[in-house]
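When reading the values below, keep in mind they use all heavy atoms of this one structure, side chains included, and skip hydrogens, waters and symmetry mates. Being a predicted model, the structure only gives us computed values, none of them experimental.
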Amino acid sequence: MPQIITRIWHGTTKAEHSDAYLTFLEESGLTDYKNTEGNLSVEVSRKIEGDICHFWTVTKWRSYEDIKKFAGEDYEKAKYYPEDAKYLLHYEENVLHAETFSYR
């Protein structure tokens with residue numbers, strides 16, 4: 001079974017900014033993910049809890065070397081864009097990487 005690496009990033013916004021931030025993600029990070037060689041898929045999950053909205057980007061990759069093409073050599077660090085400052089409540093320093101196995 002080929003190894004797949006899943007990269008998960010988490011961030012929070014004000015609930016009132018959830019739609020605007022999703023649009024921003026679609027135009028920035030998600031586009032960059034999809035255009036990076038070795039990216040296999042991109043998903044976004046969000047959950048509104050009161051006045052906070054949680055976002056998770058979940059991407060699947062062929063290898064850690066491919067992840068570095070997106071995130072740089074220090075690929076364990078989260079990648080942010082200048083416009084994130086308009087929306088994010090906190091900047092989480094690291095992302096989660098995990099080996100992924102699919103079964104049908």
Side-chain angles (χ1 to χ4, degrees):
M1 174 181 300
Q3 180 182 12
I4 295 174
I5 306 300
T6 298
R7 177 183 172 94
I8 302 171
W9 169 84
H10 172 258
T12 56
T13 67
K14 292 181 179 180
E16 65 196 57
H17 296 156
S18 62
D19 288 336
Y21 190 65
L22 181 59
T23 299
F24 168 69
L25 279 176
E26 292 168 347
E27 295 169 352
S28 60
L30 302 187
T31 298
D32 287 349
Y33 280 132
K34 292 187 297 186
N35 290 327
T36 302
E37 180 184 353
N39 177 267
L40 303 173
S41 68
V42 178
E43 294 180 335
V44 174
S45 298
R46 75 177 181 184
K47 180 179 181 180
I48 295 176
E49 292 182 323
D51 61 348
I52 302 295
C53 184
H54 296 266
F55 283 88
W56 293 270
T57 60
V58 180
T59 55
K60 299 203 184 319
W61 301 85
R62 291 185 311 201
S63 69
Y64 287 106
E65 289 304 312
D66 288 328
I67 294 170
K68 289 178 183 179
K69 293 173 189 172
F70 168 77
E73 283 300 312
D74 198 0
Y75 66 93
E76 298 277 345
K77 300 290 183 197
K79 179 177 177 176
Y80 291 103
Y81 297 82
E83 296 87 352
D84 281 317
K86 293 187 330 191
Y87 302 105
L88 292 177
L89 299 177
H90 306 284
Y91 283 79
E92 294 186 13
E93 186 175 344
N94 293 315
V95 298
L96 169 70
H97 292 99
E99 294 178 31
T100 303
F101 306 90
S102 295
Y103 302 92
R104 290 185 183 231

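Closest approach of T36 to F70, counting heavy atoms only: CG2-N, 3.8 Å. Closest approach of K79 and R7 over heavy atoms only: N-NH2, 4.1 Å. When all heavy atoms of T59 and V42 are compared, the closest pair comes out as CG2-CG2, 4.0 Å. Closest approach of R46 to S18, counting heavy atoms only: NH1-O, 3.2 Å.
To the nearest 0.5 angstrom, T13 atom OG1 is 11.0 Å from H90 atom NE2. Atom CD1 of I8 is separated from atom OG1 of T57 by 8.5 Å, given to the nearest 0.5 angstrom. Distance check, rounded to the nearest 0.5 Å: CD1 of I52 to CD of E16 gives 9.5 Å. H54 contributes atom NE2, which lies 9.5 Å from atom CG of L89 (distance to the nearest 0.5 angstrom). For the atom pair NE2 (H17) and CG (D19), the distance works out to 11.0 Å, reported to the nearest 0.5 Å. Here the straight-line distance linking atom CD of E83 with atom CG of L25 works out to 11.5 Å at 0.5 Å rounding.
The 12-atom threshold is not exceeded at NZ of K34, counting heavy atoms of other residues, nucleotides or ligands nearer than 6.0 Å. Environment of NZ in K14: sparse, with no more than 12 heavy atoms of neighbouring residues, nucleotides or ligands closer than 6.0 Å.
Relative ring orientation between Y64 and Y75 is described as tilted, the plane-to-plane angle lying within the 30° to 60° band. In this pair, F24 and Y81 present their aromatic rings perpendicular. The plane angle is above 60°, beyond the 30 to 60° band.
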Assess whether side chain to side chain contact (heavy atoms under 4.5 Å, CB included) is satisfied between E37 and R62, documenting all intermediate values. CA-CA 9 Å; E37 180 184 353; R62 291 185 311 201; 3.6 Å; yes
Given the rule in the side chain to side chain contact (heavy atoms under 4.5 Å, CB included) test, do K47 and W56 qualify, once you have shown the distances and angles that lead to the verdict? CA-CA 9 Å; K47 180 179 181 180; W56 293 270; 4.1 Å; yes
Apply the test side chain to side chain contact (heavy atoms under 4.5 Å, CB included) to residues T100 and I5: give CA-CA distance (whole Å), side-chain angles for both, the deciding distance (0.1 Å), then the verdict. CA-CA 6 Å; T100 303; I5 306 300; over 6 Å; no
Verdict with reasoning, D66 to N39, per side chain to side chain contact (heavy atoms under 4.5 Å, CB included): CA-CA 7 Å; D66 288 328; N39 177 267; over 6 Å; no
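For E65 and K68, the salt-bridge test passes: some basic side-chain N is under 4.0 Å from an acidic carboxylate O. The pair K60-E43 fails the salt-bridge criterion, with no side-chain N (NZ, NE, NH1 or NH2) lying under 4.0 Å from an Asp/Glu carboxylate O.
D84 has its side chain within reach of Y21: a pair of non-hydrogen atoms, C-beta onward, lies under 4.5 Å apart.
A continuous path of hydrophobic side-chain contacts links Y91 to V44 [ILVMFWY only; heavy atoms under 4.5 Å]. No chain of hydrophobic side-chain contacts below 4.5 Å, direct or via other Ile, Leu, Val, Met, Phe, Trp or Tyr residues, connects I4 to Y33. There is a path of hydrophobic side-chain contacts, each under 4.5 Å, that joins V95 to Y87. Cluster annotation: F101 is not connected to V58 through the hydrophobic network of ILVMFWY side chains, with a link wherever side-chain heavy atoms come within less than 4.5 Å.
Using modelled atom types, one finds no donor on one side chain facing an acceptor on the other under 3.5 Å when comparing S63 with W61.
Put simply, the side chain of T31 gets close to the backbone of E26: a donor and an acceptor are under 3.5 Å apart.
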